[in-house]
Every structure is written in C-alpha cells, then in structure tokens.
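In what follows, every chain begins at residue 1, and chains take the letters A, B, ... in the order their sequences are listed.
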Protein chains: 2
Amino acid sequence: MSFQDVFQAYIDNPSKYKQLVEFEDENVLIIKDQFPKAIRHYLVIPRAPEVTHVHPLEVFNRNYKKYSGDELYDLISFYIEKAKTMIIEDLDKLFDHPKENKLALAELKVDFIRAGVHSVPSLRNLHFHVITQDFESERLKNKKHYNSFTTPFFVDFDKLDPWSNKAYDKLNRGGFGSENQYDSDSAYSSESEDDRVFIRHERDKTILDKIIKTTPLKCTYCGAVFGNKFQELKQHLKEEYLKKYALFDGFEPAKLTPNQFK
Amino acid sequence: MSFQDVFQAYIDNPSKYKQLVEFEDENVLIIKDQFPKAIRHYLVIPRAPEVTHVHPLEVFNRNYKKYSGDELYDLISFYIEKAKTMIIEDLDKLFDHPKENKLALAELKVDFIRAGVHSVPSLRNLHFHVITQDFESERLKNKKHYNSFTTPFFVDFDKLDPWSNKAYDKLNRGGFGSENQYDSDSAYSSESEDDRVFIRHERDKTILDKIIKTTPLKCTYCGAVFGNKFQELKQHLKEEYLKKYALFDGFEPAKLTPNQFK
DNA sequence: TATTCCGATAGTGAC
DNA sequence: GTCACTATCGGAATGAG
Ligand SMILES: [Zn+2]
Ligand SMILES: [Zn+2]
C-alpha cells in the first residue's frame, strides 16, 4: 500500500486506528489530520468504495447505487457540520468556561472554520478538510501548505453543492448562453466523464501549480502580504493567533496546540 | 574599506601580509588565493594605481603614464609565467622526486594551469587567476564557483593580448568588414571609453549571469555532464584528481591539498 | 562572478 | 496539492565613523 492510500486502511478497519478516528459510522470517518496545519484540522472521509476514488470536484455531480449526487451532498453536509461541532466542543472543553465562551464559539464555528477540498489531492481517498483559519502549527512548513488552504486551490464545500451548480448552469444558459459551450444533455448523466456543465473549478494541474507557487503569501486575518517570506508570515500568524484566541476565557497558548493523537 | 577592496590593503602594505604574499616587487604581488578553488590557485595583482581599477577585459587596450597597453601586457605576461613556475616548483618540492617528475611537471605547467580573468570580478582591484585545472578543493562550493572558471565567463590571459586583438580587428575589417561596425579611430586611444575594436568578450552582465547559472556542469577532464548536480561533479572531480596526480612520483593525496597560508 | 548565513525552492524516495 | 531528506538556488549583509 502506497502512502497515497493511507486512508484506505482507516476505512477498512477503523477500530484498528482508534487513536486517530474521532468518529465513525457506516458512512464516514472523522479523523484528526495527522499533520494538522492549524489549531484544529479534521478530515471527513466517506467510506463507500464507489465514492472514495472520485475526484472531489466531481463527486457530487455523479449518481451512485446508494445515492444520487444530491443525496450524497446532503449526507456529507451533515458530517461536515458534525466535524465543526466537534471542533468547537473540543475547544469549549479545553477553555473550560462554557458560559462565557458560548457566543464567541458559535461565531468561530461560522466565521473561522472552513470546510472544503484540495483541487489536487495527494491522498487518493476522497477527504474533506475542516480546519480553523489560524494556520498556527509547526506542521505548516511551506508555501505549498499555506496556499493550498488560502487560494482557489482550496474549494469550499458550499461551492461543491450540485444544486447551486445546476442553478449556475441554468443562469449561464439563459442570460449568458454564449459562455456555455458545453453539452447540456450530459449534465445529469452519472455515466458521463463530462462534468463541465457545473461550476467551473480549475482542474488544470499546471495552472493550479502556478497558483500554489506564485500566489504571494497573504495573512488570512488582515490581508498583509509577505511575498515569498514564509518565516515572516509564520511570525505574523502567531501574533494574529494570540490576538484571536485571547477573546476566549480560559485561553492558554501553551494548552491550545494543534490537534494531536489521544 | 569594503570587502570588495581587500586586495588594496595588500597592495598598500604587502609586508603586513607576509603570510599571504608569495612574491612582491614594484609591479605586482603574487598571492595564494585565500579561498583556493583548486590544488594551486594563485593571483597576480598589479600594483599601479592607474591600472588597478580598470576592468580586466579592457586593461590592455588602454595606455598609461608608465606604459602602453602593449607594454603592460608584456609585463604582466612575465609575472603570469612566474606564477606558473612558482606553482610547479611548489609541487616539485612537495612530491620530492624532482628527476622523476621533471617532464610531467613541465607538461602540467603547459597543459594543466590556466591563467585568465573573470568577466565580472567581485573584487575591485585588478587580479589575474593562475589555477590548476583539477578544481579539487573544499572551497569550491557551488556552480558559480565552478562555471566562473570553466565557461566563457573566464577569459584566458592569452585572449587579452592587445596585439592579437589588433590582428583580429584588421582581419575583420579586411575580409569581413560588414561585421565590424565600430569606430576604428578610437582603437588606440587611451582616453576613449570605447574598447569595441578589440576581441569581443561578452560584457553584458545579464548574459554572463545566464552563462554561469545555466551552463550544465561539465568535467574539465573528460567532458562528462552533470547538469546541476554539483555534489556528483565534486565526487567525479575527486576521482579525476586522484588519477591525474597519480602520475607523479611522491604523490600523497593527504599532502596535496589546496594552497593555504604559511 | 569575494564569503557566510539563512531561507526558499526543487527533486527523491517511500512499498 | 502526503512527509522527510538532501541539495540547489536565492537574497542580504558585510565596514567605518
Ligand atoms: Zn494579519
Ligand atoms: Zn571527468
């Protein structure tokens, strides 16, 4: 088994990896990323074999034996929400001031946790990132890591919604028909390899590579630009992180570290 | 005094730097390069103030109060030859088998020591490199070092000869007049900034930079190419060095190290 | 193409 | 866009007063 298939072992035998697996049921695993790029960085991993090797930008535009793309999207949405809840519950427990932090945690869940996918995953099993936007982690080691979460290389889960995709498609074919040069007949075909009737997410690896490598490093909090100076970005992110979490009662920097194994 | 002017201190007060200065007279210093890029790497440094800051590719195409460019060339030629002699005498002493090595040393002097200049010197005082072609030295640390001695960035002393330059010019103006678009009136003017009547040595820093950075690493002995793999080149050069000097009686690798201070 | 230090960039190997 | 290792490549400082 290649490194690209590490998640397959978890899918096949989650009980063997109890240290890693935070939640499991028949549909998904939710695990803590082993190399978290932020204070909390979870992964939602669908288990179905017919789904696990479909590209994340295409997975909800197909139909499956067990469910349609739409149904799968709704299903995964539930677990994405669950992962977010697990994150704030974990932080709530850590801070140990539930009453004082209730509002701030609710805001953090909505404003400061992003869920989505990488346009070019390196690990072959379908997985969805759920990650706080502090990017405070020793494991965040280079521009590639950072820009994979902060540029269009990262596609929000919301943008994968096949319903909004269809609406987008309709809009284009109505008002801006000339912009849509694709075969609408194949739009809902689960057999078709053609996913181009949906929202246009960049798939060209050369272009995506360029995005990762040439997009200047930019603070997600304040927009400050650091060019290629990754160390300076890291230093700045640490300061932003300290400011951000200072809003929570019971925050201690030494305790609020990136998620690790139990 | 900036690092770019280190040689000026030697010129001004050679007796203060007896450890470095191998030879001095009123015209030049001959020193062992402090960061030798080969087993023997000496520098010939003219002392005259009116000469020391002239660009090496132009220095023999001007006239001076003390001498014409031609005369200066002949003068420096003498010291270049002297430096080569010092190198083989040093090796002769080290090997300690003068009779057996006489012929091989004579050949080494002619075939294996190059003298010349860098097209873009980093140190401001005019200096001529006299260097064995083994490039066996810990101080040879990167492609820039190596390619500065093995590409057209390095211009042989012979190619600076103003007499051959003039012959070249004449030839071009006769047989290939159209290739010479320059003002021949300024050819011998010591005041002119125009050195273009002489052999065309590349002076464009962008082009020279490209030569240094993009020329694939290539063994000077056998032509083997190593691309950008500097460590592999180094390993190969060590093997070539061992073969090369094995021809000398009394050769011991541990003793034949790059020149150092006394 | 002075060196040195540091950091960014690039290639590889992983079973 | 898996990590970890190595090596290559790239910019900045360097002094003196
Ligand atoms: Zn900021
Ligand atoms: Zn060779």
With heavy atoms under 4.0 Å as the rule, sort B:S148 into base, sugar-phosphate or nothing.
sugar-phosphate
Reading DNA chain C from 5' onward, which residue's closest nucleotide shows up sooner: A:F230 or B:K213?
B:K213
Can a side chain N or O of B:K143 be found less than 4.0 Å away from OP1 or OP2 on D:dC9?
yes
Which residue is it: A:N27, A:I80, A:L29? I am looking for the one with a side-chain contact (heavy atoms from CB on, under 4.5 Å) to A:V44.
A:I80
Relative to B:F23, does B:K82 satisfy both conditions: NZ or CZ under 6.0 angstrom from the six-membered ring centre, and within 45 degrees of the ring's axis?
yes
Which of the following nucleotides, C:dT4, D:dC3, C:dG7, is nearest to the side chain of B:F35?
C:dT4
Pi-cation contact, B:F112 with B:K244 (under 6.0 Å, within 45°)
yes
Would one find a side-chain N or O of B:K229 under 4.0 angstrom from OP1 or OP2 of D:dT6?
no
Closest-nucleotide ordering on DNA chain D, the 5'-leading residue of A:H129 and B:K141:
A:H129
Report the distance from atom CD of A:E232 to atom P of C:dC6, rounded to the nearest whole Å.
15 Å
Do any side-chain nitrogens or oxygens of A:Q231 fall under 4.0 Å of OP1 or OP2 in C:dA8?
yes
Please report, rounded to the nearest Å, how far the P atom of D:dA13 is from the CD atom of B:Q4.
14 Å
Reckon A:L123 touches a base, only the sugar-phosphate, or nothing at all at heavy-atom distances under 4.0 Å?
sugar-phosphate
Would you call B:E50 and B:R62 a salt bridge, taking side-chain N to carboxylate O under 4.0 Å as the test?
no
On a whole-Å scale, what distance lies between the P atoms belonging to D:dG15 and C:dC6?
15 Å
Ranking B:N228 and A:K37 by the position along DNA chain D of their nearest nucleotide, the one closer to 5' is A:K37
